[in-house]
Amino acid sequence: MSTRGTIKQGLRRRLAAVSAMAMGAALAVALPATADAAVARVDNPYVGATPYVNPDWSALAAAEPGGDAIADTPSFVWMDRIAAITGTDGKRGLRDHLDTALAQGADLFQVVIYDLPGRDCAALASHGELGPTELDRYKDEYIDPISEILADPAYSSLRIVAIIEPDSLPNIVTNAGGTAGSTEDCATMKANGNYEKGVGYALHTLGAIPNVYNYIDAAHHGWLGWDSNMAPAGLEFKKAATSEGATVDDVAGFIVNTANYSALKEPNFKITDSVNGTTVRQSKWIDWNYYTDELTFAQALRTQLVGQGFNSNIGMLIDTARNGWGGADRPTSAGPLTSVDAYVDGGRVDRRIHAGNWCNQSGAGIGERPTAAPEPGIDAYVWAKPPGESDGNSEPEENDEGKGWDRMCDPTYEGNGRNGNSMSGALPNAPVAGHWFSAQFQELLRNAYPPIDGGDDGGNNGGDDDTQAPTAPTGLTSTAKTSSSVSLSWTASSDDTAVTGYDVYRGSTKVGTATTTSYTDTGLSASTAYSYTVKARDAAGNVSAASSALSVTTSEGGGTGTGALKVQYKNNDSSATDNQIRMGLQLVNTGSTAVDLSTVKLRYWFTPESGSATFGTSCDWAVLGCGKLSLAVKQNGSAAGASHYLEVSFGSGTLAAGASTGEMQLRLNKSDWSNFNEADDYSRSTATSYADSSKIGAYVGGALTWGTAP
């Protein structure tokens, strides 16, 4: 039997009591404040407030070398499952946190509401405990109990800021069909509407409590900054904010960059800059986005949302817990004027490999400390994701929290459609999402911007006393190479305390980190020369000089794979000169053991001729389900008929011995929809029924196992 009716009646009684107190407070004068005194609603809850410091996080931070310098910083408490309401694994429950806030003398409490049905449909590491259809459980067992606690008159003196469901609504906008990053899970949530219904119910229920301020999560500029995403996002937010009884009056504002790494400000270039007639928007990093950083995005998004019907006094929050990007590698000026890419890449402070990378990012640093009303339209900089809490496990790990293993948390992963099929940039040895990750905390601390001063290192590595950099690595050499990878090794550096890791550079770009003296750089082009250097770093953030440069030329392409897989192809395109390439593919396991599909990539080589240099890809139908496939177009040098290739990746699963994936109906087009001439394409044939194709490559772990590469 549902308990929602009982909870609702209790909630209404409590709200009536709060209203009565508010009326009494309005009539009375010079009465002493008490814990039960209701506070008047304000335009910006952060102005003049004393925020709560979470002792559970504070103790973990203070135990780290140098961590006591930030251990008293206020941050959000995450309600990431039903059990978190009462407390789990030695952590306080919601009521205990609120009681502690009162004991601290705080008058601002910050909480993340994060347990939607089918939660985070595009990131396995953030999956939750509730299935896609369990909306009633979300209401009855999660939102209603939270509301009952927050409505307790004992907490009416607190301004309570609630972030509503990170990543949910943005996923519906961009990952629910029609893009390379789409997933079946997101398509399901778009179809059943339970994200909008859940968010609407949370807004309506919590918004009924006078001292609660709801802020809806709005992703970040590297997700929604394009016109094609930003305007639809506003419509999606409005739809959710007017569902299940909610209205725009239940929304105090929005938050951007929740638990992400997008830079607050890019100081070294502007979106309007150009190099040799090419605008910054056309650089590979910006990729036609209208925004370079979170501040400009947040302010523009606020204007758009007001235009779509949200109240004119809404404010924006920006999560700055992990977007500082400081340390020795922080650029102080724009890059060279040789090209727009060199100009942007040399000057950007966000040093991620790709703006779509989100999991435990190497090189990141703590950002601006929480600040009220720092810029026009911005209610506050906040720490939504407390530094040191993992984004997700880097290897498969059993847990009872419903959280899966996302390859974007795997340092060896070569990416998917959402990050341009780039390396993940994730730190190794990470625990399950939300668990303490000491190595990440230390990296964030030493790379903080603005830098963090003070803090007692307790005689350990870190703190302000260690200013001596490690010696430069020596003996850099290549131990192996293929047509698409280079393996490196070097002699260990020495330090007065201890070397904690190495940064590997390809040219001027950091491509990865290592805790040992070896690294393999992947995703390279055949017959191409690359220059490498390595720098050592210690726990205090001191970075060595670079090693001597090493030039390595990758092997030639070509060669026929001899593994246990084969690719079958069918031509689904009756015209060789129209504006799309259409094909059917099947992968067959001819061996005697199962194959891990997450290690497999297929390559179909072609040339685009003239026209746009960017591409769209689509999966029309697949026996496996299109959500299990990722498609991307990559350059392949200047080989005849094969200057580019369509790469097909499989997210997970195994292919049993003797089994086939079944048909995959795929197509690609140029962004300007100009025509191809497929007649000379390396991988094309005229077969209209499935047949073995030796000119389509199958790669396992980066090694060619079927087909002949061009």
Side-chain angles (χ1 to χ4, degrees), residues 173-184 186-187 226-229 231-232 281-284 286-289 354 356 415-422 567 569-587 601-622 624-651 663-688 690 693 695-697 710:
V173 176
T174 62
N175 298 326
T179 66
S182 297
T183 70
E184 284 190 354
C186 289
W226 292 267
D227 277 357
S228 57
N229 294 342
R281 282 191 65 217
Q282 293 171 264
S283 67
K284 291 179 181 178
I286 302 299
D287 190 26
W288 295 98
N289 200 311
H354 189 278
N416 55 42
R418 290 189 295 279
N419 82 330
N421 294 91
S422 303
V567 180
Y569 164 86
K570 179 178 71 170
N571 188 324
N572 289 337
D573 196 348
S574 58
S575 172
T577 56
D578 61 9
N579 60 11
Q580 296 186 77
I581 298 176
R582 302 176 180 87
M583 72 197 74
L585 300 180
Q586 293 184 157
L587 179 67
K601 296 181 187 295
L602 310 183
R603 292 181 181 177
Y604 177 97
W605 287 279
F606 69 98
T607 52
E609 288 79 39
S610 59
S612 176
T614 59
F615 302 85
T617 60
S618 300
C619 171
D620 292 325
W621 184 79
L624 291 174
C626 285
K628 299 291 178 63
L629 306 178
S630 294
L631 309 178
V633 173
K634 299 184 177 181
Q635 288 188 303
N636 191 54
S638 58
S643 62
H644 293 68
Y645 59 84
L646 171 69
E647 185 169 80
V648 183
S649 304
F650 302 84
E663 186 170 10
M664 298 174 283
Q665 295 180 7
L666 312 177
R667 57 189 168 90
L668 65 95
N669 60 274
K670 287 178 274 190
S671 296
D672 62 1
W673 291 93
S674 59
N675 287 341
F676 293 93
N677 181 1
E678 299 178 59
D680 63 347
D681 285 355
Y682 181 83
S683 294
R684 185 179 189 268
S685 81
T686 57
T688 56
Y690 279 107
S693 177
K695 289 192 173 183
I696 298 176

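In what follows, residues are counted from 1 in the order of the sequence shown.
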Search all heavy atoms of [X] against all heavy atoms of [Y] and return the closest pair with its distance.
| X | Y | answer |
| --- | --- | --- |
| N677 | E609 | N-OE1, 2.9 Å |
| K601 | S649 | NZ-OG, 3.1 Å |
| R684 | Y569 | CG-OH, 3.8 Å |
| T174 | S182 | O-OG, 4.0 Å |
| N419 | G415 | OD1-CA, 3.3 Å |
| A576 | A679 | CB-N, 4.3 Å |

Item to complete: Please say which of R603, K634, M583 ends up in a side-chain contact (heavy atoms from CB on, under 4.5 Å) with L646.
Response: M583

Exercise: do [X] and [Y] side chains pair donor with acceptor under 3.5 Å:
| X | Y | result |
| --- | --- | --- |
| Y645 | Q635 | no |
| T614 | S671 | yes |
| D681 | T607 | yes |

Worksheet entry | E678 side chain reached by F606 side chain, heavy atoms, under 4.5 Å | no

Worksheet item: Are the side chains of L629 and M664 in touch, meaning some heavy atoms are under 4.5 Å apart?
Response: yes

Practice prompt. Could you tell me whether a side-chain N or O of D672 sits under 3.5 Å from a main-chain N or O of S612, the two making a donor and an acceptor?
Written response: yes

Discussion item. Quick check against the 3.5 Å criterion: does R667 have a side-chain atom that pairs as donor or acceptor with the backbone of S618?
Written reply: no

Worksheet item: Can you name the residues that form a ring pair (Phe, Tyr, Trp, His ring centres under 6.0 Å) with Y682, not counting sequence neighbours?
Response: W605

Between atom [atom1] of [X] and atom [atom2] of [Y], what is the distance when rounded to the nearest 0.5 Å?
| X | Y | atom1 | atom2 | result |
| --- | --- | --- | --- | --- |
| Y690 | Q586 | OH | CD | 4.5 Å |
| K570 | S685 | NZ | OG | 12.0 Å |
| Y604 | H644 | OH | NE2 | 14.5 Å |
| S683 | L585 | OG | CG | 9.0 Å |
| N669 | S674 | CG | OG | 9.0 Å |
| L666 | N572 | CG | CG | 9.0 Å |

Practice prompt. Using the test salt bridge (Lys or Arg N to Asp or Glu O under 4.0 Å), find all partners of D573 that sit at least two apart in sequence or belong to another chain.
Written response: R582

Practice prompt. For K695, check salt bridge (Lys or Arg N to Asp or Glu O under 4.0 Å) against everything at least two apart and list the hits.
Written response: none

Worksheet item: Does K670 count as lying over the ring of F676, i.e. NZ or CZ under 6.0 Å from the six-ring centre, within 45 degrees of the axis?
Response: yes

Worksheet item: NZ of K628: more than 12 outside heavy atoms within 6.0 angstrom?
Response: no

